[in-house]
Amino acid sequence: MSRLAIELPGLKMKNPIMPASGCFGFGKEYANFYDLSELGAIAVKATTVEPRYGNPTPRLAETKAGLLNAIGLQNPGLDKVCNEELPWLEKFDVPILANVAGSEMEDYIQVAERVSKNKNVTALELNISCPNVKKGGIAFGTVPEVAAELTREVKRASSVPIYVKLSPNVADIVSMAKAVEQAGADGLSMINTLLGMRIDLKTRKPILANQAGGLSGPAIKPVAIRMIHQVSQAVDIPIIGMGGITTVDDVIEFFLAGASAVAIGTQNFVDPYACPNLIEQLPKKLDEMGVDHVSELVGGSWKELCNVR
Amino acid sequence: MSRLAIELPGLKMKNPIMPASGCFGFGKEYANFYDLSELGAIAVKATTVEPRYGNPTPRLAETKAGLLNAIGLQNPGLDKVCNEELPWLEKFDVPILANVAGSEMEDYIQVAERVSKNKNVTALELNISCPNVKKGGIAFGTVPEVAAELTREVKRASSVPIYVKLSPNVADIVSMAKAVEQAGADGLSMINTLLGMRIDLKTRKPILANQAGGLSGPAIKPVAIRMIHQVSQAVDIPIIGMGGITTVDDVIEFFLAGASAVAIGTQNFVDPYACPNLIEQLPKKLDEMGVDHVSELVGGSWKELCNVR
Amino acid sequence: MLKKQGHLSIVSQQQIAEQIYEITCQGPLVTAMTNPGQFVHIKIDQYEDLLLRRPLSICDVNTEEQTLTMLYRVEGNGTKRLSEKQVHSQIDVLGPLGQGFPVEETKPGEVALLVGGGIGVPPLYYLSKQLKARGVEVIHVLGFQSKEAVFYEKEFNELGPTYVTTVDGSHGIKGFVTDAIHEQNLTFDTLYSCGPNAMLKELTERFADKRAFLSLEERMGCGIGACLACVCHLTNDPEGASYKKVCTDGPVFKVGEVVL
Amino acid sequence: MLKKQGHLSIVSQQQIAEQIYEITCQGPLVTAMTNPGQFVHIKIDQYEDLLLRRPLSICDVNTEEQTLTMLYRVEGNGTKRLSEKQVHSQIDVLGPLGQGFPVEETKPGEVALLVGGGIGVPPLYYLSKQLKARGVEVIHVLGFQSKEAVFYEKEFNELGPTYVTTVDGSHGIKGFVTDAIHEQNLTFDTLYSCGPNAMLKELTERFADKRAFLSLEERMGCGIGACLACVCHLTNDPEGASYKKVCTDGPVFKVGEVVL
Ligand SMILES: Cc1cc2nc3c(=O)[nH]c(=O)nc-3n(C[C@H](O)[C@H](O)[C@H](O)COP(=O)(O)OP(=O)(O)OC[C@H]3O[C@@H](n4cnc5c(N)ncnc54)[C@H](O)[C@@H]3O)c2cc1C
Ligand SMILES: Cc1cc2nc3c(=O)[nH]c(=O)nc-3n(C[C@H](O)[C@H](O)[C@H](O)COP(=O)(O)OP(=O)(O)OC[C@H]3O[C@@H](n4cnc5c(N)ncnc54)[C@H](O)[C@@H]3O)c2cc1C
Ligand SMILES: Cc1cc2nc3c(=O)[nH]c(=O)nc-3n(C[C@H](O)[C@H](O)[C@H](O)COP(=O)(O)O)c2cc1C
Ligand SMILES: Cc1cc2nc3c(=O)[nH]c(=O)nc-3n(C[C@H](O)[C@H](O)[C@H](O)COP(=O)(O)O)c2cc1C
Ligand code: FES
Ligand code: FES
């Protein structure tokens, strides 16, 4: 087994690096740049029952070292995802983490049930934290009991392991994590975006048509690291870490904090080759650090034994 | 009255710009750089009953466009603040917003009662949100009922108006704001720092001795703007806005979001002349925008009439 | 898999009007930039406070010398920092991207009317050169705010008749481009246009039944179709879930195809 | 109110050892930099991803030519970006800051032992020059990791006897500075030192009863005493609330004054 290969529930990965949901569509565009089989996994765009157009434009605004987005879960809907998008991805040798979203519990169940049957979908990512949908969505992500119930139901409906994607917009992330773990989550994905806003001085209005949006990029990395550091010590399920990764040092920092794999979001927009570049740089970095296998780093900032040197 | 002058409960300010608490000590150091009477007000460092050394070092770590700190409420204690620090500031013609902190309700009450009697202290800032103290502190900042009770008691003890400084580490900032407004707060201060962490790749440990710390600086500005935009529409008390201000455009953005005055924190460390520079630049910016008085901008992003062009 | 990203070296940079800069840069990537109306997505420097790339239109290309010229207006931080870059320094360019103007829709001998507004003018230059080379008769109508904002008048004049309008009348015809088209009684076989939305809407109203192509602008993330930042509705489904992406389906669309 | 902040122009910059750079810059601010052991706080560029200033010691000053020389090791992003700055570009400098080495504590004719470790060596150079000018006999012990990391050996040699140690023995005496002091039987009236904490601790243990001054390092925010990032406990109150600030009370302290 290679020094980068890892195995998480449902995800047998060549390396611990995947693009983050919503930042990679269903892979088609990036397939013009490199072979998607190089990736550890792919987290595809959120799928809802019906096709959605999402929010009006402008949907993006840049902030210092950050990006605000209010795409609003635009996606082609369950039918098209299952009949076209996912089958297209079958030609690549890479596990798919399918991101599931909705407004009501029933939506989630319906999407989870059907999407999890696609042969390349080996795990689901439960998006309980998208800040850009108005109904339901946000409550799922901030109340432990509600998140737990949703997790339980989706777990029942799904034929593959499920990762719950946590929102950072909470006072107590550990309670959220423990609640969904107890409800049967096989893993966690964290973090989703922080809620933010920018106002245009000329128009004197928020830049985003939706007013508020989700903040991603390097600006939020310290929040992600802190949350993963806390949560990884409190739960026994693995964490897919994300939030502001741009360099291989960032990747290592997420592992040390307690992530078992990482996802790259915004950086794909800055550099379409972001994921393969990081995959290429990782072994060299492990050499520098004197580490044989990437998994040795997981939780290194709080596990006593790992702190060699 | 000058086009910059504003009047908030307890704070009769020449201009709407003040240094933020904890980023300006008790003013002595910056008095070497400029005349403190130029400032709209001064938010001094948090005061607790007893002197505190605070956290072990390292206490600071830089992040992309941000700063993590874990000072830990170091301060000379109530006696020395009232007998030395505050009297020293009396020679300047500037209202003092005294930041009050503690671990127990009684601490807050004791500090508030005595500090508010100092003749240049014209308002208190209730620090219910400092992420760097382990006991009590954090709960005050995340549970509306607890924050309300504290506000009520401190309000009773204080002889001057009180501003409650809100923590951004909550799922629902509006509930917090409304709870303390109902409990008698005269104004709000927001935002305090976001909880974050950085891990050192060489030592494989968190850089801060305290592990986690508070994230400030440009990275958090979109979160501050979003929260002020939400809260200012939901309450009737004024907001002192802060979080990542570095330029005069940032100042305007906070006003448009709904702040009535602003505080400058981290930027004082980058540029010791940050506050006087912004005060100097503000009138020119108002000219550019065709605005007579700075208060016309308050809430401009959501107030219909204000959106002239 | 085509290599669409690389570093170009700046060979010249100068201010040519109020807030308007002309930048020329060089590198092998340029050889693929043959379609006017396409754009490139630029990472201005490596400092991460300025996170995203910035989209700029191709204004002129010399494939032999592998040089790309762009014109841009200093709007915010990104374009400001671009304007401060020195000759010989590098910029990270992704492109060419998107669907450009269909040159082949206009037959040799036909008349093409090229209508540009403000910073929408640049892509029309490369378009005009290609149309002219093809034997198309080109007429330009270029709208600006005021005299100080006018650029490339001489360059366009060398390719064909050029009417410049300014809103304040300080140069050329006073008014908007549509006023000039009306006043001068300009007729055409194909209309190509790029500029502010208000202008494109006006042109759509007048020439919806004509052979016309409009280039749109929208805030972009990836520039390659993945992030869904830049979508617009279709005219035949204005409220529905169908959509086009400005970055990959556009920026040039047939008149009336998408909702402006 | 003294003006302590301004822009200096870089007049030279070169690599002088592995990861070590020498930078010299010029401007009126330099005239105030008369006390060795003081430091300056540098804003490397205006890009906000690198937020804070970086503290660097004054290594040499020419008040007549208004030039300041600093030596630094490329550690992270800030020093890396500093190393990429071109001659003639500007850096924003706050300083001189802090309390330097008390030159006047050593009388003419007395012996001063200057002990530096790694990137703690730079401030000793300006100190040595001033001591020598005062008629003090200076001896230097400079410790490095290895041969490749050694710098300014010649420069120190010109001022007085200089013992260089390397941990791996690849140059000079093998071992630590304390080994060299012991082996060479070096005696002194005053000890001045700057270097890693472990070295300062070792020196404190040996020479606590001597006239000795140590320069400390701590992560800094403001550099002027306001943020309380850089505090340390006092030896006579090691758990209490009393404290000293490295940036304003230090970086130089009397041996045994503060907890290392
Ligand atoms: C296909 C296309 C072609 C373009 N061609 C040109 C050109 O040739 N010359 C030129 O001067 N400008 C052109 N623009 C507009 C140009 O991209 C923006 O002016 C520029 O991105 C502003 O960046 P900034 O950092 O200076 O402004 P800021 O306001 O600081 O930018 C912040 C963010 O908003 C985005 N943004 C701001 N304004 C616009 C806008 N009008 N359109 C799209 N994104 C925007 C930026 O890309 C960035 O992500 C084009 C835009 C598009 C979509
Ligand atoms: C009084 C004083 C004098 C100094 N003099 C010199 C000198 O002459 N030459 C030299 O090479 N170095 C000196 N240092 C250390 C130098 O400040 C750091 O190496 C430098 O700040 C690292 O910045 P960076 O961006 O490269 O590293 P990063 O690790 O990216 O820095 C991140 C943050 O940590 C801080 N930091 C990191 N390491 C240190 C450190 N060792 N000490 C203080 N802050 C640190 C930085 O200032 C910055 O805020 C001095 C430090 C102090 C306190
Ligand atoms: C444009 C955009 C769209 C996103 N869409 C989704 C989504 O559909 N589902 C989801 O779970 N997360 C979505 N996210 C969040 C990312 O997956 C990721 O959690 C977040 O951006 C933090 O990572 P980053 O800083 O690397 O971008 C989106 C993020 C961005 C920037
Ligand atoms: C070093 C440091 C110390 C701080 N100490 C305090 C404090 O004692 N009391 C308080 O209410 N806020 C404190 N804060 C928070 C600031 O007042 C401010 O709310 C926050 O830093 C956001 O503003 P900024 O981004 O402009 O720094 C501190 C912030 C920093 C960076
Ligand atoms: S910019 Fe990303 S889809 Fe068009
Ligand atoms: S660095 Fe701010 S007090 Fe010393």
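Every heavy atom of this structure was used, including side-chain atoms; hydrogens, water molecules and symmetry mates were not. Chain A is the first sequence line, chain B the second, and so forth, proteins listed ahead of strands; every chain is numbered from 1. Just so it is clear, the structure is predicted and the values come from calculations on it, not from any experiment.
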If we only count heavy atoms from C-beta on, is the [X] to [Y] side-chain gap below 4.5 Å?
| X | Y | result |
| --- | --- | --- |
| T57(A) | R219(C) | no |
| M220(C) | L60(A) | no |
| C222(C) | Y30(A) | yes |

Legend entry - Spatial distance of atom NZ (K43(C)) from atom CZ (F269(A)) [nearest 0.5 Å]: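 CZ of F269(A) is found 14.0 Å from NZ of K43(C).
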Inset, instruction - Please round to the nearest 0.5 Å and tell me the distance separating atom CG of D92(C) and atom CG of D271(A). - result: 7.0 Å
Which atoms of [X] are under 4.5 Å from chain C, going by heavy atoms: the side chain, the backbone, both sets, or neither?
| X | value |
| --- | --- |
| P76(A) | neither |
| K28(A) | neither |
| T63(A) | backbone |

Legend entry - Residues of residues 30-38 of chain C contacting chain A, heavy-atom criterion under 4.5 Å, by residue number: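 Residues qualifying by a heavy atom under 4.5 Å from chain A are absent, so none.
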Inset, instruction - Hey, can you tell me if Y53(A) and H233(C) have their rings parallel, tilted or perpendicular (30° and 60° cut-offs)? - result: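 Parallel: the ring planes of Y53(A) and H233(C) meet at under 30°.
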Legend entry - Side-chain ion pair, E62(A) and R53(C), N-O less than 4.0 Å: no
Does [X] [atom1] have over 12 foreign heavy atoms under 6.0 Å away?
| X | atom1 | answer |
| --- | --- | --- |
| K254(C) | NZ | no |
| E90(A) | CD | yes |
| Y21(C) | OH | yes |
| E104(C) | CD | yes |
| Q281(A) | CD | yes |

Please find the pair of heavy atoms, one from [X] and one from [Y], that lie closest to each other, and give the distance.
| X | Y | value |
| --- | --- | --- |
| E218(C) | P58(A) | OE2-CA, 4.1 Å |
| R59(A) | L228(C) | NH1-O, 2.7 Å |
| P218(A) | L51(C) | CD-CD1, 3.7 Å |

Legend entry - Largest heavy-atom contact set with chain A, pairs under 4.5 Å, which of C230(C), G223(C), C232(C): C232(C)
Check: residues 74-82 of chain C side-chain donor-acceptor pairs under 3.5 Å, at least two apart:
residue: E75(C); atom: OE2; partner: R73(C); partner atom: NE; Å: 2.8
residue: E75(C); atom: OE2; partner: R73(C); partner atom: NH2; Å: 3.2
residue: T79(C); atom: OG1; partner: E75(C); partner atom: N; Å: 2.7
residue: T79(C); atom: OG1; partner: G76(C); partner atom: N; Å: 3.3
residue: T79(C); atom: OG1; partner: G76(C); partner atom: O; Å: 3.3
residue: K80(C); atom: NZ; partner: E84(C); partner atom: OE2; Å: 3.1
residue: R81(C); atom: NE; partner: D45(C); partner atom: OD2; Å: 3.1
residue: R81(C); atom: NH1; partner: D49(C); partner atom: OD1; Å: 3.4
residue: R81(C); atom: NH1; partner: D49(C); partner atom: OD2; Å: 3.2
residue: R81(C); atom: NH2; partner: D45(C); partner atom: OD1; Å: 3.1
residue: R81(C); atom: NH2; partner: D45(C); partner atom: OD2; Å: 3.3
residue: R81(C); atom: NH2; partner: D49(C); partner atom: OD1; Å: 3.1

Legend entry - Toward chain A, the part of L50(C) with a non-hydrogen atom under 4.5 Å: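 L50(C) touches chain A through backbone and side-chain heavy atoms alike.
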Inset, instruction - Below 4.5 Å from any heavy atom of chain A, which atoms of S242(C) appear? Answer side chain, backbone, both or neither. - result: backbone
Legend entry - With sequence neighbours excluded, residues passing salt bridge (Lys or Arg N to Asp or Glu O under 4.0 Å) with K221(A): D250(A), E253(A)
Inset, instruction - Could you pull out all residues at least two apart from K85(C) that satisfy salt bridge (Lys or Arg N to Asp or Glu O under 4.0 Å)? - result: none
